[in-house]
Structures are given as C-alpha cells and as structure tokens.
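Below is one structure, written out as structure tokens; the observations come after it.
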2 protein chains.
Amino acid sequence: MTEPTPPRARRPLTLRDVSEASGVSEMTVSRVMRNRGDVSAATRARVLAAAQRLGYVPNKIAGALASQRVNLVAVIIPSLSNLVFPEVLNGVNAGLDGTGLQPVVGISRYEPEREEKVLYEMLSWRPSGLIIAGLEHSDAARAMLRAADVPVVEIMDVDGEPVDSVVGISHRRAGAEMAEAIASAGYRRIGFLGTKMPMDHRARKRFEAFTGALARSGIEIADHQFYAGGSGLKKGREMTEALLRRSPDLDFLYYSNDMIAAGGLLHCLDAGIDVPGRLGLAGFNGIELLDGLPMQLATTDACRREIGQKAAEIIARCAETGACDGGERIALAPRLSPGETLFRA
Amino acid sequence: MTEPTPPRARRPLTLRDVSEASGVSEMTVSRVMRNRGDVSAATRARVLAAAQRLGYVPNKIAGALASQRVNLVAVIIPSLSNLVFPEVLNGVNAGLDGTGLQPVVGISRYEPEREEKVLYEMLSWRPSGLIIAGLEHSDAARAMLRAADVPVVEIMDVDGEPVDSVVGISHRRAGAEMAEAIASAGYRRIGFLGTKMPMDHRARKRFEAFTGALARSGIEIADHQFYAGGSGLKKGREMTEALLRRSPDLDFLYYSNDMIAAGGLLHCLDAGIDVPGRLGLAGFNGIELLDGLPMQLATTDACRREIGQKAAEIIARCAETGACDGGERIALAPRLSPGETLFRA
DNA sequence: ATGAAAGCGCTAACAG
DNA sequence: CTGTTAGCGCTTTCAT
C-alpha cells in the first residue's frame with residue numbers, strides 16, 4: 001500500500017478566493033454555492049460570476065466535515081464481471097436519481113476478508129447509506145454494519161437475518177419452484193451445473209432448495225458439476241458436453257446462471273439434441289440481453305434492477321427524513337418463465 | 001415488525017473516544033491507526049484493542065481535510081449497461097490494486113450536460129486522479145479538467161486532443177482496418193448497423209473511417225441503419241432482418257458492437273443464410289463472454305480491460321511520485337480477429 | 001516514543 | 001439579506 005496523493009503544486013481555490021474576488025463574505029458565497037438561505041439576486045449573480053471566472057469548485061470534504069452530511073451511498077457488490085451486478089447498479093442509479101445522493105461502488109470479489117476491508121473503507125467516508133449484496137458477512141463486518149450509524153440495506157437475498165433492511169428475492173423459493181416446474185413437466189434424470197458454492201451463497205441456496213424440492217417429488221439429483229471462474233457461452237458449452245458425456249441419460253439440466261445455460265443450449269442444438277424433448281434446460285437471472293437465442297431459455301427473473309432501485313429508495317427516504325425507525329423487508333417474487341426449453345414436447 | 005430495532009442513534013466514535021478508552025493521546029492513536037511514526041508495540045496493542053472493542057472507524061473526511069490527501073480516483077463512464085464499461089472498471093480495479101487508491105464511478109449516460117455535472121461533483125471531492133471515457137467534452141468540462149489540479153486520463157479513444165494523458169485505441173484505425181479486411185475478402189455490397197452517432201463518438205469515428213476506407217477501395221456503403229437504446233441479441237436479430245429485407249443483396253454487415261452482431265448471426269443461421277459465403281458479418285469489442293456462438297464472430301478487440309488498467313497505473317504513478325509532468329499517450333493496437341464470419345467460403 | 005497546539009475549508013448558529 | 005464566531009475530526013509540526 002503506497003501513500004495517497006501528496007499535496008499538489010498549485011493551491012486549489014477556496015471560498016475565500018471567491019469571497020475576495022466578489023467582495024462578499026465567505027458565508028454569503030457559501031450560501032450562493034449551495035442555493036441556501038436568502039441572497040439578493042445581485043450578490044448572487046456577482047458571486048456566481050466570480051466563481052465561474054476563477055473556476056472554483058467547492059471542497060466537499062470540508063463541507064461534509066462541517067455539516068456532518070455526505071451525499072454518498074456506498075454500494076458493495078461481489079463483482080462487475082457478472083452482468084447481474086451492473087443491472088443492480090443501474091437500479092440503484094435510478095432510485096437515487098433526483099435525490100442529490102451519489103452511489104459509490106466497492107467490489108468484494110466474493111471474498112469475506114475483502115468485503116470487510118471495502119466495508120471499513122467505505123464506512124470511513126461516513127456515507128448516507130449502505131447497500132450491500134447478500135446476508136452473509138463475517139462477524140466483524142456485521143459488527144461494523146450494526147455499529148455504523150447509517151441505514152443499511154442488504155440486497156439480492158431474503159433468506160436470512162438482515163442487519164437492518166433487506167430487499168431481494170428468496171433464492172430458496174426460486175430453486176424450489178424451478179424444481180417443481182421441472183418435475184411436473186415430467187423430467188426425472190436431472191443434472192445441475194453451477195458456480196462453486198462457497199463463493200456464492202445465493203447459488204448455494206437455490207441448489208439446496210432445488211434438490212430439496214426434487215426430493216419431495218421422489219427425485220434425486222442425477223449428476224452435478226461445479227466450476228470456478230467466469231461464466232461465458234464457451235464455458236457453458238464445454239461443461240454441458242462434459243456432463244452429458246459422463247451422464248448421457250440426463251433429461252434436464254439446471255444451470256446457476258443464464259450465460260452458461262445459453263452456452264449449454266447452443267451446444268445441444270449443435271449436437272442435434274432435441275430440446276426440450278429429449279433434454280430440458282433452465283438457467284437463472286432472466287438476462288434480457290439473451291432474449292433472441294435460437295430458443296427462449298427457461299429461467300427465473302431475479303428482479304435485479306428492481307432490487308437496486310428499491311434499496312436505493314429506502315436509503316433516499318432515510319436521508320430525507322433523517323430518521324429511519326425500522327428495517328424494511330421487501331421480498332420480491334422471483335418470476336419463473338418456462339420459455340421454450342422446459343416443456344416436454 | 002415486532003423485533004426491537006437495534007439502537008443506532010449514538011454519536012459516531014472519534015479519535016478522542018479511543019484516546020480516552022486507551023489512556024493515550026489522540027495523536028498517538030492517530031499514529032497507530034495509520035501505521036505512521038514510531039509507536040511502542042505495547043501502546044500500539046492497547047490502542048488497537050480499544051479501537052476494535054469500541055468499533056471505531058476513522059473519519060476519512062476529517063483525515064482528508066487535515067492531510068489534503070484523498071485516496072479516491074474518479075472514473076467517469078457513459079453507462080454500465082454496455083458490458084464494455086464494466087470490463088474497463090475491472091481493469092481500473094486491477095491497476096489500482098495494492099496502491100491504496102479506490103475507484104469511484106460516475107455515470108454520464110452519454111449526455112454532455114450530465115457528464116459536466118458528474119465531473120463537478122467528483123472534482124469537489126478532490127480525488128487523487130480522474131479517468132474519463134472519451135475525448136469529447138463540453139467546453140465547461142474541459143475547463144474543469146484543465147483547472148483541476150489532478151492527473152486526468154482520457155480513455156478508450158486516441159483520435160483527438162487529450163487534456164492530459166490518454167490511453168485507448170484508434171477507432172478510426174479499427175474502422176479502416178475492418179473495411180480493408182472486408183474488401184480484401186471480396187465483399188462488395190456492405191451494410192452497417194450501429195448505435196445512433198451523436199451519442200457515441202467512438203462508434204461514429206469507426207463508421208467514418210470505415211466508409212472512408214471502403215471508398216478508397218472504390219466501394220460505397222450500400223445501406224445502413226442506426227438505432228437507439230440497449231443492445232441485445234434480439235435487437236440484433238430484428239434489425240438484421242429488417243435491413244436484409246430492405247437490401248437483400250447485401251453481402252456483408254458491419255455492426256457497431258458484438259452483441260447485436262451476435263443477434264444478427266443467430267438470425268442469419270435461423271434464416272438459412274450461408275455465413276460467411278453469401279453474407280459476412282463482423283462486430284466490435286471482442287467480448288469474451290460471446291466465445292461459444294455457433295460461429296466465431298469477426299470482431300476487433302478494443303482492449304477494454306487493458307485500457308482501464310493502464311489508465312489506473314498512470315494515476316497510481318502520479319499519486320506515488322506526487323508529480324506528473326507530462327501527459328502520457330498510450331495507443332494500444334486494436335486487434336482484428338476474422339473469426340469464422342469474415343472469410344468468403 | 002509521545003504530546004500540544006494550530007489549522008485544513010467549510011457550514012451551523014447566531015447577530016445584526 | 002449579510003456578516004461573525006466557533007467548531008467539524010483529524011493531521012501537521014514542533015516540542016519534549
């Protein structure tokens with residue numbers, strides 16, 4: 001870790017500079033810059049002119065320290081490679097739009113220690129709110145979340161005990177519903193393909209509930225394979241091929257995300273496998289970008305954007321009223337869409 | 001809501017609290033928290049214990065004001081929906097890793113006014129550096145960039161005059177090289193499908209250079225279509241179908257990004273069009289996620305991750321040395337890969 | 001190795 | 001409507 005920036009050469013402009021240039025007190029300049037209080041149109045214009053001419057940009061650090069107010073909302077997510085989290089961020093952006101609040105993003109890489117570090121780092125900026133993916137955190141992280149005098153919204157998942165508020169879907173429910181849909185459609189030899197579990201609690205919960213629900217229908221998972229690393233079409237193809245080679249009698253494959261499911265679909269079509277007649281397929285997330293595949297993939301919409309937006313709205317409400325009594329719990333309904341790869345022909 | 005809400009009304013902890021709890025001066029506590037100066041192992045341990053027990057998190061706002069250093073790097077990009085920019089951010093993250101610097105992301109939505117606002121907002125936090133997509137900014141924005149006493153790296157594009165440093169590829173060159181590859185392969189009736197230009201300068205530059213280079217080969221663009229809104233497979237399918245209906249004699253389609261190109265490819269395969277024999281296709285970006293399509297798409301790698309990383313490294317270097325004299329100019333080479341959709345059978 | 005004093009640039013809270 | 005006075009919580013600088 002190197003040191004942050006040493007002070008730079010030219011002295012940055014301050015309120016005082018504008019004050020002197022416009023012949024008005026610093027306080028009045030401050031009022032103009034913030035559109036606060038009553039300032040005569042004349043002084044106002046004079047101050048703005050001076051500020052613009054000098055190229056003055058207020059120092060929010062000083063402002064925040066003095067006012068004890070920070071217009072930042074910390075958002076902590078595991079990854080940006082996942083395609084899912086950018087959508088959540090879009091939702092957050094939408095929910096914060098017009099509130100004067102700005103999201104600041106931190107990446108935890110699915111590593112608890114790193115999440116802890118990022119959390120500490122972000123809390124040290126005293127944000128107006130904190131949005132964090134998942135309900136599973138290290139003890140230290142939970143302690144920080146509780147100790148921080150900030151509204152906290154845990155997102156994506158509602159299966160567990162939130163520190164404060166929570167917005168998400170039940171991944172257990174999503175997994176169970178998919179299992180039921182698959183079983184009712186008549187599939188019996190079911191395989192699972194997904195990310196390595198310790199890294200991804202939500203995928204794990206889906207998997208557990210999936211197998212649990214299958215068991216209630218008297219079905220046991222016939223085969224499964226976990227992988228680490230990124231999820232692309234190619235990975236989906238390769239893993240699907242390998243799994244089918246190993247267990248040729250599978251009649252359904254449930255994937256932990258749409259991208260590898262799409263890869264699997266493309267492999268099956270190439271291999272001349274009858275989908276969904278001989279083999280059914282389903283993914284997870286409901287990635288819109290993938291609408292337009294040769295067949296529409298069965299999947300569950302994880303409401304990513306909506307989750308981000310609702311979480312942001314909770315923070316925004318707290319920031320406005322200044323007081324948030326209780327944690328809100330918002331459980332959105334994961335919508336299963338069978339597409340064209342789930343019903344047996 | 002019967003659960004009693006955990007109290008979180010307390011005054012945030014300060015150095016003074018830790019100082020009192022550990023019986024050491026604030027100054028020494030400060031030294032411990034920053035691993036600075038000489039502190040005896042004994043005091044150090046005592047302070048850390050107290051801090052941990054209380055759950056103290058230092059206030060960076062106060063720290064930044066006092067020290068005049070901020071470990072934040074502002075990153076301004078047009079969008080997060082684009083799949084391309086998350087990759088740039090990953091590069092930035094990688095480049096900043098281990099430097100103690102943290103990226104803070106702002107979204108400009110391809111709107112100059114919004115870019116200006118976001119820029120102002122971020123500069124007001126006095127970041128250690130600024131990374132911003134593109135070379136085209138409003139006059140006011142350019143003025144701010146120049147006035148800000150901060151290293152600035154403009155990224156993605158090198159065709160223009162940077163304010164300070166620049167890391168990117170030449171989109172003109174990328175467009176021209178693709179035109180040459182297409183022409184040499186023998187295609188003659190060439191169509192273009194891409195985002196609406198005023199929003200996206202880089203796409204515009206590719207398009208201009210593309211048509212220019214074709215012209216030098218005596219070829220004129222046979223048809224083209226621009227669109228607004230997101231880019232998904234479906235959009236690519238629909239637009240390709242429409243364009244081909246309008247101009248059935250096209251023998252090549254150049255897309256402004258891989259996602260719609262992939263949609264186009266899927267449409268062509270569905271429609272039984274011989275690719276690349278009767279119709280060639282090419283996209284842009286080199287999205288790895290899409291490896292695994294039925295045919296490997298011709299595309300140009302835009303070096304997104306590398307660009308983010310190199311830009312971050314420039315900032316990191318400036319932050320470390322404290323002085324950056326000149327703007328660096330790094331032009332990476334856009335690598336054209338013909339895949340399987342460009343060579344005539 | 002530790003402490004005391006003096007701000008960093010701004011805003012809250014009053015005065016006028 | 002405008003100005004004055006104190007800090008915000010930390011770090012710098014200089015003593016000890």
Side-chain angles (χ1 to χ4, degrees), chain A residues 3-8 10-48 50-51 54 56-71 100 123-128 148-149 322, chain B residues 10-48 50-51 54 56-71 123-127 148-149 322:
Chain A
E3 300 308 321
T5 329
R8 253 163 234 302
R10 221 171 52 240
R11 178 182 62 76
L13 294 161
T14 70
L15 265 189
R16 168 180 235 114
D17 296 306
V18 183
S19 164
E20 285 170 359
S22 62
V24 181
S25 79
E26 288 185 38
M27 197 54 233
T28 300
V29 176
S30 168
R31 287 193 179 100
V32 171
M33 296 310 293
R34 289 175 296 146
N35 295 313
R36 264 287 187 10
D38 298 310
V39 181
S40 76
T43 3
R44 200 187 142 66
R46 201 141 43 92
V47 169
L48 283 177
L54 297 177
Y56 170 68
V57 176
N59 184 332
K60 284 221 176 189
I61 297 175
L65 182 61
S67 67
Q68 306 282 53
R69 236 187 294 281
V70 176
N71 70 336
L123 285 180
S124 72
W125 285 100
R126 303 284 189 268
S128 290
D149 192 20
Chain B
R10 285 169 327 251
R11 174 182 60 76
L13 295 160
T14 69
L15 265 189
R16 169 180 232 112
D17 296 306
V18 183
S19 164
E20 285 170 0
S22 62
V24 181
S25 79
E26 287 186 38
M27 198 51 238
T28 300
V29 176
S30 168
R31 286 193 179 100
V32 171
M33 298 310 294
R34 290 175 295 145
N35 295 314
R36 264 292 186 25
D38 298 311
V39 181
S40 76
T43 6
R44 200 185 142 66
R46 202 140 43 90
V47 169
L48 283 177
L54 297 177
Y56 170 68
V57 176
N59 185 332
K60 285 222 177 189
I61 297 175
L65 182 61
S67 67
Q68 306 282 62
R69 344 159 168 262
V70 176
N71 69 336
L123 285 180
S124 74
W125 285 100
R126 303 283 189 268
D149 193 18

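The basis for the numbers below is simple: all heavy atoms, side chains too, and nothing from hydrogens, waters or symmetry mates. Labels below follow one simple rule: chain letters A, B, ... track the order of the sequence lines, proteins then strands, and each chain is numbered from 1. This one's a predicted model, so the numbers in the text were calculated from it and none came from an experiment.
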- Message: If the cut-off is 4.0 Å, is S67(A) near the phosphate of dT11(C), judged by side-chain N/O to OP1 or OP2?
- Response: no

Side-chain N or O of Q68(B) closer than 4.0 Å to phosphate OP1/OP2 of dG9(C):
yes

Value for CD (E26(B)) from CZ (R31(B)), rounded to nearest 0.5 Å, stands at 12.0 Å

Between T28(B) and V39(B) the two heavy atoms that sit nearest each other are CG2-CG1, 4.1 Å

Among the nucleotides dT11(C), dT2(C), dC10(C), whichever has the atom closest to the side chain of T14(A) is dC10(C)

Judged by nearest nucleotide, the residue sitting upstream toward the 5' end of DNA chain C, M27(A) or T28(B), is T28(B)

In terms of heavy-atom contacts, M33(B) and P58(B) come closest through CE-CG, 3.9 Å

OP1 or OP2 of dT11(C) under 4.0 Å from side-chain N/O of S30(A): yes

In whole angstroms, the gap separating C1' of dC8(C) from CG of L13(A) amounts to 16 Å

Separation of dT2(C) atom C1' from R46(B) atom CZ, nearest Å, is 12 Å

From CG of L15(B) across to C1' of dT2(C) the rounded distance in Å is 15 Å

Counting only side-chain N and O atoms of R69(A), is one of them less than 4.0 Å from OP1 or OP2 of dA12(C)? yes

M33(A) CE to dT11(C) P, in whole Å, measures 9 Å

Under a 4.0 Å heavy-atom criterion, DNA chain D is touched by chain A from dC1(D) to dG9(D)

Sugar-phosphate, base or nothing in reach of D38(A), heavy atoms under 4.0 Å
base

d(W125(B) CH2, I61(B) CD1) to nearest 0.5 Å is 5.0 Å

Note: R46(A) and G23(A) closest approach over all heavy atoms is NH1-O, 4.4 Å

With five pairs defining each end axis, the helix from dA1(C)-dT16(D) to dG16(C)-dC1(D) comes out bent, to 10°, by 30°

Heavy-atom closest pair (S19(A) atom, V24(A) atom, distance to 0.1 Å) is OG-O, 2.5 Å

From CZ of R16(B) across to P of dA4(C) the rounded distance in Å is 11 Å

V29(A) and S22(A) have their tightest heavy-atom pair at CG2-OG, 4.2 Å

To the nearest 0.5 Å, atom OG of S67(A) lies from atom CZ of R36(A) at 8.5 Å

For A62(B) and L65(A) the tightest heavy-atom approach is CB-CD1, 3.7 Å

Between the base of dG3(C) and the side chain of R31(B), is there a donor-acceptor distance below 3.5 Å?
yes

